[in-house]
Amino acid sequence: MSDAAALPAGRAAAPARFRRPSALPGFRLTFGITLTYLTLLVLLPLAVLLLRAASVGPAGLWALVTDDRNLAALKTSFGLSIAAAAIDAVFGLLIAWVLTRYRFPGRRIIDALVDLPFALPTAVAGIALASLYAPNGWIGEPLMALGIKVAYTPLGILVALVFVGLPFCVRTVQPLVAEIDRSSEEAAAILGASRFRALVTVILPPLIPAMLTGFALAFARAVGEYGSVIFVAGNLPYVSEIAPLLIVIKLEEFNYAGATAIAAVMLLMSFAALLAINLVQDFSRRRFGHV
């Protein structure tokens, strides 16, 4: 029996409505402003970028994308960005847990310092990291004695990307940590669950969607990071050269086709990665039953 036949006589099935009833007025105005804003500031520039990249033709675009130096820069940017976002997701959870669950002297100062990468100019952050992790720096010199070189290597890029992405992971998880009911942890302990089992079954499930959100934000920030990386990376082709720096180099060489091609590839790869992360995040929300 169809849905329409199951309705009482004289009543037709209600059509799906694009606009849902709301107590707030001004739907048409705000919806129009939203579309205009997104079109002018987001969609139009991206469309121009893709059209400019497509102007070289499929063969030329493929040749630019598959160039060894371009591929090495893309692998460096995306590979280290994923690694940095994963590190931020883990340590962001730990920092959020400590700042939320414990009271200790200087907690407010540490909580404020978490947001420092938001306010600090990226060039200043890059110079500071290069000074600290250089072979003669405060941190770099002891590491060099252990045979670990950080500055002017891919490891230095990873340190810079972890630095700029950490606040995203802390701030997305922190509110949910504060909302976790401690009685559920106590109930798990009373029922005989070990601390590790309580962590896996009680604490982590409501935090996973927020951790994935922080991971996505940290990854998006890391992929496009430029200022804090170039001072500590060394910028060696095929070794520690990132894709944003390669775009700037090609623009300085007036190679606009090559610059737009790399930018278009970064756009598509970033969109695909964020789409995959959002799908996993949506699955985790449905799986664990948390928003």
- Please list all pairs passing the salt bridge (charged side-chain N to carboxylate O under 4.0 Å, His left out) test where one or both residues lie in residues 152-172, with sequence neighbours left out. D111-R171, D115-R171
- Applying ring pair (Phe, Tyr, Trp, His ring centres under 6.0 Å), which residue pairs with at least one partner in residues 235-272 are found, sequence neighbours left out? none
- Message: Run the side chain to side chain contact (heavy atoms under 4.5 Å, CB included) test against L71 and tell me which residues pass, sequence neighbours left out.
- Response: none
- Message: Nearest 0.5 Å, please: how far is CZ in F78 from CZ in F219?
- Response: 5.5 Å
- So the side chain to side chain donor-acceptor pair (under 3.5 Å) pairs with at least one residue in residues 92-106 (sequence neighbours excluded) are R101-E185
Solution key, residues 31-42 side-chain donor-acceptor pairs under 3.5 Å, sequence neighbours excluded:
{"from": "T34", "atom 1": "OG1", "to": "T30", "atom 2": "O", "distance (Å)": "2.8"}
{"from": "T36", "atom 1": "OG1", "to": "G32", "atom 2": "O", "distance (Å)": "2.8"}
{"from": "T39", "atom 1": "OG1", "to": "L35", "atom 2": "O", "distance (Å)": "2.7"}

- Query: Say you draw a straight line from CD1 of I208 to CG of L176; how long is it, rounded to the nearest 0.5 Å?
  - Reply: 12.0 Å
- Check for a donor-acceptor pair, side chain of S240 on one end and backbone N or O of A233 on the other, with a separation under 3.5 Å. yes
- Item | Residue pairs passing the salt bridge (charged side-chain N to carboxylate O under 4.0 Å, His left out) test where at least one lies in residues 68-77, sequence neighbours excluded | R69-E241
- Message: By the salt bridge (charged side-chain N to carboxylate O under 4.0 Å, His left out) test, which pairs, at least two apart or in different chains, include something from residues 244-269?
- Response: none
- Look up atom CG in L207 and atom CG in L212, then write down how far apart they are to the nearest 0.5 Å. 11.0 Å
- Message: Please report the interatomic distance CD1(I110) to CD1(I95), rounded to the nearest 0.5 Å.
- Response: 9.5 Å
- Message: Distance check, rounded to the nearest 0.5 Å: S81 atom OG versus L158 atom CG?
- Response: 9.5 Å
- Message: Is any side-chain heavy atom of D88 closer than 4.5 Å to one of F215?
- Response: no
- Message: Applying salt bridge (charged side-chain N to carboxylate O under 4.0 Å, His left out) as the test, list every pair that has at least one member in residues 123-150; sequence neighbours left out.
- Response: none
- Task: Only counting residues at least two apart or in another chain, list the ones meeting side chain to side chain donor-acceptor pair (under 3.5 Å) with R107.
- Result: none
- Please name all residues satisfying side chain to side chain donor-acceptor pair (under 3.5 Å) with E225, sequence neighbours left out, ordered by chain then number. R221, S228
May I have the list of side-chain donor-acceptor pairs in residues 159-170 shorter than 3.5 Å, sequence neighbours left out?
none

- Taken to the nearest 0.5 Å, the spacing of I139 CD1 from L129 CG works out to 8.5 Å
- Residues two or more places apart in sequence or in another chain: which of them pass side chain to side chain contact (heavy atoms under 4.5 Å, CB included) with P45? none
